[in-house]
Amino acid sequence: MSDLREDPTGPATRSRTARVPRPRTDEPIDRRPQGGRAATRAGSRSSGRAHSRRGGRPVRRGRRALRIAGICLSVVLLVAVGGGWWLYQHLNGNILSVGLDGSGGSEKADAFGRTPINILVMGSDGRTSKDDCRLGGGCSQTGVQSGWGNADVEMVMHIAADRSNATVMSIPRDTMSNIPACKDSRSGTSTPGYYGQINSALSYGPACQVATIHQLTGIPIDHFVKLDFSGVVSMSDAVGGVSVCVSSNVYDTYSHLKLSKGTHDLKGVAALEFVRSRHGFGDGSDLGRTYAQHMFLSSMIRKFKSAGTLADPTAVYGLADAATKALTVDTGLGSIDKLVGLASDLNKVPPKQITFTTMQTAPDPNNRERLVVGSGAKSLFAAIANDQSLTGSSDKKSATPTATAQAVDTAQIAVKVENGTGIGGRASVIATALTDKGFSSGTTTANASGTTSSTTLTYGTGQKPQAQAVAHALGLTTSHLKQGNGGGLTLVIGSDWPSGTTYPNSTASSPQPADTHAAVSNAHAQTADQSKTCAGVSPYKTVSLNGVSMTPAQAYAAASNQPDSDA
């Protein structure tokens, strides 16, 4: 989220500026009312009691009771169905959706027809409502503003095709990037393209921000979710607060986050202050903020999955109502059915298999206050695009085929290729493809004893590594491998492979698997099950109080009269 709410009174060392490419007016925010933050709203609901009356003559009581029961049941069903339909329509009516133009690419199905999900999650700094102006500041001269604002939070959320794992990658808003030619379908505002701060692309609509991230990373993205200031407040309230931990006392005089060392349950404005704080954590740049946001989201995910949270109908409705009011989504997610489907897919992934990372960066050589893509980022992009898990248990699985293929000398592997398709010349085509890939010139061809529907690769005792190397080169899966009684490798091409030199629907023609260890190196990777991790408070003089630069801990001690955010 933006730092336009900030009111620095002096320079701070090692602090990156919060300036964004588009001209805007920065101003100090109004201080919170006396007595600390506004109290959490709590509505009291009274429930009526149903009273039963005894009486009535015993004559034909059973038949009368059945008639009454039937009438009551009909009324209950009408109320339930009518109420359910009203709730459904109400929630659907809350959702604001915007179409994408396909410039973010599209996800590809795996060999089993399953499709991964890639969503760009954006936090906007737009002051497009009175609530956002109150929470974000900066509206005293301009009033409620129009437009989309800037995408000051950008996270690519990837849910694997088999729903076994997920990756959330943050892209710091200070990153410099090429913005493609875009036109906002809502306002008509357009740009021929430019080089600038990556978060500014949202000014030309969500589709432009999606296209920019796709161009930078190569990751296909065909969904987005956008949240504003008031959305963070309402969502944190709807879940009953989010538990976070800070490593020491912290007072970010810019976002106004003030917390003592330890664990806190944050709601409303306090939650917003936490996810917006950039000077309180790390080195005072946007990087430290992304790490804290990951901890916040991890905690929220754990709370979603905790017993009772999703079992309480009132809580579920409150959450759904808050979420649908807070979110702007693409038309592909623009209904309750689709959002419920997305939530269901994410719910299948255990927290220990959800990895949070931050794109590797380096200082921009032309502007030390800005960032460029750093070493290792391409491996991270490729791992996500290739649907590779970044959790430790899956790293070994993804690395095994590559290691096996490299452990043998392919020049010493000769294969007997037999044509079982009934199509002339198939064995020769595959044999030539193998020798072109560096396999032995002793590879031979022949016709199989008859046609067969399935392709198989049979290997002799102790020759599984060689068979795996052949399978890897041709895009065959382990289901095609079979150990035989004799020696050597025999590949029988079935009618399921009528053309081409890689097996249909295989990943052999796709980019080689990314190095997942390089992908998470310097990416501050952590999984959502790490409940005991605390956000690292900055040890640098990243804030200022009364014109004096100091560390967030020093500011906390100096502002003893200022109430804590969770007071």
Side-chain angles (χ1 to χ4, degrees), residues 96-110 114-124 148 150-161 163 165-173 175 177-186 191 193 197-227 290 293-294 297 327-334 338-339 341-343 345-346 349 354-360 373 377-390 510-511 514 519 523:
L96 176 62
S97 60
V98 177
L100 293 177
D101 55 12
S103 56
S106 60
E107 294 92 352
K108 296 180 181 179
D110 65 8
R114 302 170 301 189
T115 306
I117 302 173
N118 290 323
I119 304 171
L120 179 61
V121 180
M122 294 179 277
S124 168
W148 294 101
N150 293 289
D152 280 358
V153 175
E154 296 171 282
M155 298 181 182
V156 176
M157 181 172 71
H158 170 81
I159 305 175
R163 307 302 186 254
N165 64 86
T167 298
V168 180
M169 176 186 68
S170 286
I171 298 176
R173 74 168 200 178
T175 304
S177 175
N178 289 309
I179 313 299
C182 296
K183 183 176 182 178
D184 180 15
S185 60
R186 188 174 73 173
T191 176
Q197 197 167 321
I198 198 167
N199 65 336
S200 67
L202 183 58
S203 304
Y204 303 98
C208 189
Q209 193 68 59
V210 167
T212 300
I213 300 298
H214 174 58
Q215 178 176 275
L216 176 73
T217 65
I219 300 170
I221 301 170
D222 56 13
H223 295 297
F224 80 86
V225 172
K226 185 181 79 68
L227 198 67
T290 65
Q293 287 170 350
H294 294 167
L297 290 174
L327 302 177
T328 300
V329 300
D330 67 280
T331 50
L333 295 176
K338 292 172 182 176
L339 286 174
L342 173 61
D345 283 328
L346 185 58
V349 185
I354 301 176
T355 303
F356 284 91
T357 67
T358 298
M359 180 190 79
Q360 296 92 332
V373 175
K378 289 185 177 179
S379 294
L380 179 56
F381 300 158
I384 296 173
N386 294 346
D387 196 22
Q388 293 176 247
S389 173
L390 296 182
S510 302

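Remark: of the listed residues Ile354, Thr355, Asn165, Val168, Thr355 is the sole one forming a side-chain contact (heavy atoms from CB on, under 4.5 Å) with Leu390. Between Met169 and the options Thr358, Ile213, Thr290, Leu380, a side-chain contact (heavy atoms from CB on, under 4.5 Å) holds for only Leu380. Partner of Asn199 under the side-chain hydrogen bond (donor to acceptor under 3.5 Å, both in side chains) criterion, out of Asn150, Thr212, Asp152, Thr175: Asp152 alone.
If you take CD on Gln215 and OG on Ser177, they are separated by 6.5 Å, rounding to the nearest 0.5 Å. Note: Phe224 CZ to Ser97 OG = 8.0 Å, rounded to the nearest 0.5 Å. Separating the CG atom in Leu216 from the CD1 atom in Ile179 is a distance of 9.0 Å, to the nearest 0.5 Å.
The nearest pair of heavy atoms linking Ala514 to Ser379 is CB-O, 3.6 Å. For the residue pair Asp387 and His158, the shortest heavy atom distance occurs at OD1-NE2, 2.7 Å. Closest non-hydrogen pair, Thr191 versus Pro180, comes out as CG2-O, 3.9 Å. His223 and Leu333 make their closest contact through ND1-CG, 3.7 Å (heavy atoms, listed as atom of the first residue, atom of the second, distance). Between Cys208 and Ala201, the shortest heavy-atom distance links the atoms CB-O, 3.5 Å.
Looking at heavy atoms from C-beta onward, Gln388 lies out of side-chain contact with Thr167 at the 4.5 angstrom threshold. With contacts defined as side-chain heavy-atom distances shorter than 4.5 Å, the pair Leu227/Met122 does not qualify. Counting only heavy atoms from C-beta outward, the side chains of Met359 and Ser170 never approach each other to under 4.5 Å. Between Met155 and His294, some side-chain heavy-atom pair lies under the 4.5 Å cut-off. Arg163 is listed as a side-chain neighbour of Ile117, based on a closest heavy-atom distance under 4.5 Å. Proximity of Val98 to Asp330: side-chain heavy atoms (C-beta onward) are nowhere separated by under 4.5 Å. Two residues are said to be in side-chain contact when any heavy atoms from C-beta on lie closer than 4.5 Å; Val156 and Thr217 fail this criterion. Looking at Gln360 and Val373, their side chains never come closer than 4.5 Å, going by heavy atoms from C-beta outward.
Under the 3.5 Å distance criterion, the side-chain polar atoms of Arg173 are left unmatched by any main-chain donor or acceptor of Ile171. In terms of modelled atom types and a separation under 3.5 Å, the side chain of Glu107 and the main chain of Asn118 share a donor-acceptor contact. With hydrogens and angles disregarded, no donor-acceptor distance shorter than 3.5 Å links the side chain of Glu154 to the backbone of Pro172.
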**Q.** Verdict with reasoning, Leu100 to Thr331, per side-chain contact (heavy atoms from CB on, under 4.5 Å)
**A.** CA-CA 8 Å; Leu100 293 177; Thr331 50; over 6 Å; no

Q) Run the side-chain contact (heavy atoms from CB on, under 4.5 Å) check on Met157 and Leu120 step by step: do they pass? A) CA-CA 6 Å; Met157 181 172 71; Leu120 179 61; over 6 Å; no

